[in-house]
Amino acid sequence: MSVQTSDIVGDFAGRLLDWYDQSARVLPWRIAPNSGGDPDPYRVWLAEVMLQQTTVAAVAGYFARFTERWPTVADLAAAGDADVMAAWAGLGYYARARNLLACARVVMRDHGGRFPDSEAGLRALPGIGDYTAASVAAIAFGRAAVVIDANVERVIARHRLIETPLPMAKREIRAALALLVPGDRPGDFAQALMDLGATVCTPRGPACAICPLMADCRARGRADIERLPVKPPKKAKPHRHGLAHWIEQDGQLWLVRRPDKGMLGGMRALPGGEWGEVPSESGIVSVDHGFTHFDLTLTLVRRAAPHEGPDAAAEGLWWPIADLDAAGLPTLYRKLTDKMLERDA
DNA sequence: CAGCCGTGGTT
DNA sequence: TAACCAAGGCT
């Protein structure tokens, strides 16, 4: 009776953390809420980088393999570039893998093998932007950082009925959230908000009836709640065509390493020409593949030897076709070689 | 700021 | 099914 209703409704973090204690997802990189254990900064950082623009389901297997093979940041820093890139193959956004290695090596060289425990210190490392610096600071080091990802943007935009389109709305969202971050359990608070966005306050069909923030959510019950957060219209994707060269010799296939910058940078690939607007020739098999900003039809053609084409200058190697799975080809080429080998079979 | 950078799941 | 979207960072 002594507690005002406004105080109860206003306890945003309390309601959210109570919900989290009941409903937290069980994830390989997450220790149980209130378990008292200290999360390993290396594992937190690795998971957060893998989770950038990538779903939990896609990350799980990669996280298990990476932590098994490279249990500490020292192990990862000592790994070979090609091994790490191959282990990342299929996860996408390959600049993350290059930055991951660079970051591990900076942590070893400049920080004595320990991750900086402040948001600013983390933010200065390669591959760590605003989100990842805040999330690692909060989850691994208990810092009351303002952690904002796409889930948080959606939850806050709805809770506060922010109709400003992204990315302009980021200022309002940050200002609103900064007032809500608790000094106690900031890491659980951040993860709770993300869990809520992923499982309750979903892009479509949010489960408002079971939401712990329902009482004071300004968008609750609105027919147009799915409109929030407002996003800019997307641009149309062009369609491109390209060739890939199948150069086989004694059961081995000629692979190249793509340049660090640009599409699939640093990854092993089949050699081939530039991707253009029109198909150049027909081939043995072809695959359609969607990238973020264009769609590609890639056609496989036989070539006799690497030195006969424009591939002579490319750094390459012969790879046993029987062991092609271990080559670390990105999905685009994996689809193509799978189709080729299936056709021959 | 806006464009670039992968992939797979969901609706 | 085509569109949308995801624990973003870099230039």
Side-chain angles (χ1 to χ4, degrees), chain A residues 24-25 27-30 43-63 85 88-100 102-103 122-140 145-155 165-168 170-171 187 189-199 201-206 226-227 229 231-240 258-267 269 275 287-296 298 329-335:
Chain A
R25 290 180 289 177
L27 303 173
W29 47 87
R30 178 183 286 178
R43 294 168 62 90
V44 173
W45 161 74
L46 179 61
E48 291 301 337
V49 172
M50 286 184 166
L51 285 163
Q52 290 166 5
Q53 292 288 288
T54 308
T55 58
V56 163
V59 164
Y62 286 86
F63 182 81
M85 297 308 288
W88 197 276
L91 199 55
Y93 283 141
Y94 298 101
R96 291 185 295 172
R98 301 194 301 274
N99 287 329
L100 190 82
C103 182
L122 291 160
R123 181 64 178 81
L125 295 170
I128 298 188
D130 289 340
Y131 163 77
T132 306
S135 63
V136 174
I139 297 168
V146 183
V147 180
I148 303 175
D149 77 327
N151 290 301
V152 178
E153 286 178 350
R154 184 170 57 255
V155 172
L166 290 170
M168 218 168 60
K170 271 208 143 191
R171 283 187 169 285
F189 177 83
Q191 296 180 87
L193 218 40
M194 293 190 279
D195 268 24
L196 190 74
T199 63
C201 192
T202 49
R204 278 178 281 185
E226 294 182 353
R227 192 173 52 81
K231 294 186 177 180
K234 294 173 180 61
K235 300 180 65 177
K237 288 198 294 187
H239 195 114
R240 294 183 187 165
R258 294 180 61 87
D260 276 337
K261 299 193 174 188
M263 291 293 300
L264 312 176
M267 300 299 290
W275 301 339
V287 295
D288 293 307
H289 192 74
F291 290 115
T292 305
H293 57 293
F294 65 93
D295 293 317
L296 177 71
L298 189 62
L329 292 176
T331 300
L332 166 67
Y333 294 102
R334 185 69 177 262
K335 282 161 71 173

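Proteins get letters first, then strands, A, B, ... in listed order; numbering begins at 1 in each. The figures here come from the full heavy-atom set of this structure, side chains too, leaving out hydrogens, waters and symmetry mates.
Residue A:S135 places none of its side-chain N or O atoms closer than 4.0 Å to OP1 or OP2 of C:dA7. An OP1 or OP2 oxygen of B:dT7 is reached within less than 4.0 angstrom by no side-chain nitrogen or oxygen of A:T54. Of the side-chain N and O atoms in A:K235, one or more sit less than 4.0 angstrom from OP1 or OP2 of B:dG3.
The NZ atom of A:K237 sits 13 Å away from the P atom of C:dC5 (whole-angstrom rounding). Atoms CG (A:L91) and P (C:dA6) sit 17 Å apart, rounded to a whole Å. A:H289 has its NE2 atom 12 Å from the C1' atom of B:dC5, to the nearest Å. Straight-line distance from the OH atom of A:Y93 to the P atom of C:dA6: 11 Å, rounded to whole Å. The CG atom of A:D260 sits 15 Å away from the P atom of C:dC10 (whole-angstrom rounding). The distance from atom CZ of A:R154 to atom C1' of C:dC4 is 12 Å, rounded to the nearest whole Å. Nucleotide B:dT7 holds its P atom 12 Å from the CG atom of A:L298, rounded to whole Å. Put simply, CE on A:M50 is 14 Å from C1' on B:dT7, counting in whole angstrom units.
For the pair A:L125/A:N99, no side-chain contact is recorded, criterion being any heavy-atom separation below 4.5 Å from C-beta on.
For A:K170 and A:D130, the salt-bridge test fails: no basic side-chain N is under 4.0 Å from an acidic carboxylate O.
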**Report entry** Full working for side chain to side chain donor-acceptor pair (under 3.5 Å) between A:Q191 and A:R30
**Finding:** CA-CA 9 Å; A:Q191 296 180 87; A:R30 178 183 286 178; 3.0 Å; yes

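Within the 4.0 angstrom heavy-atom criterion, base atoms lie near A:W29.
Ring centers of A:H293 and A:F291: at least 6.0 Å apart, outside the cut-off.
For A:L332, whose side chain is taken as the heavy atoms from C-beta onward, the closest listed nucleotide among C:dC10, C:dC4, B:dT7 is B:dT7.
For A:P126 against A:C103, the heavy-atom pair with the smallest separation is O-CB, 3.5 Å.
Heavy-atom nearest nucleotides on DNA chain C were determined for A:T132 and for A:K234, and the one closer to the 5' end corresponds to A:K234. Nearest-nucleotide assignment on DNA chain B puts the 5′-proximal partner with A:M168, out of A:G262 and A:M168.
Only the C1' atoms considered, B:dA2 is 23 Å distant from C:dA7, to the nearest whole Å.
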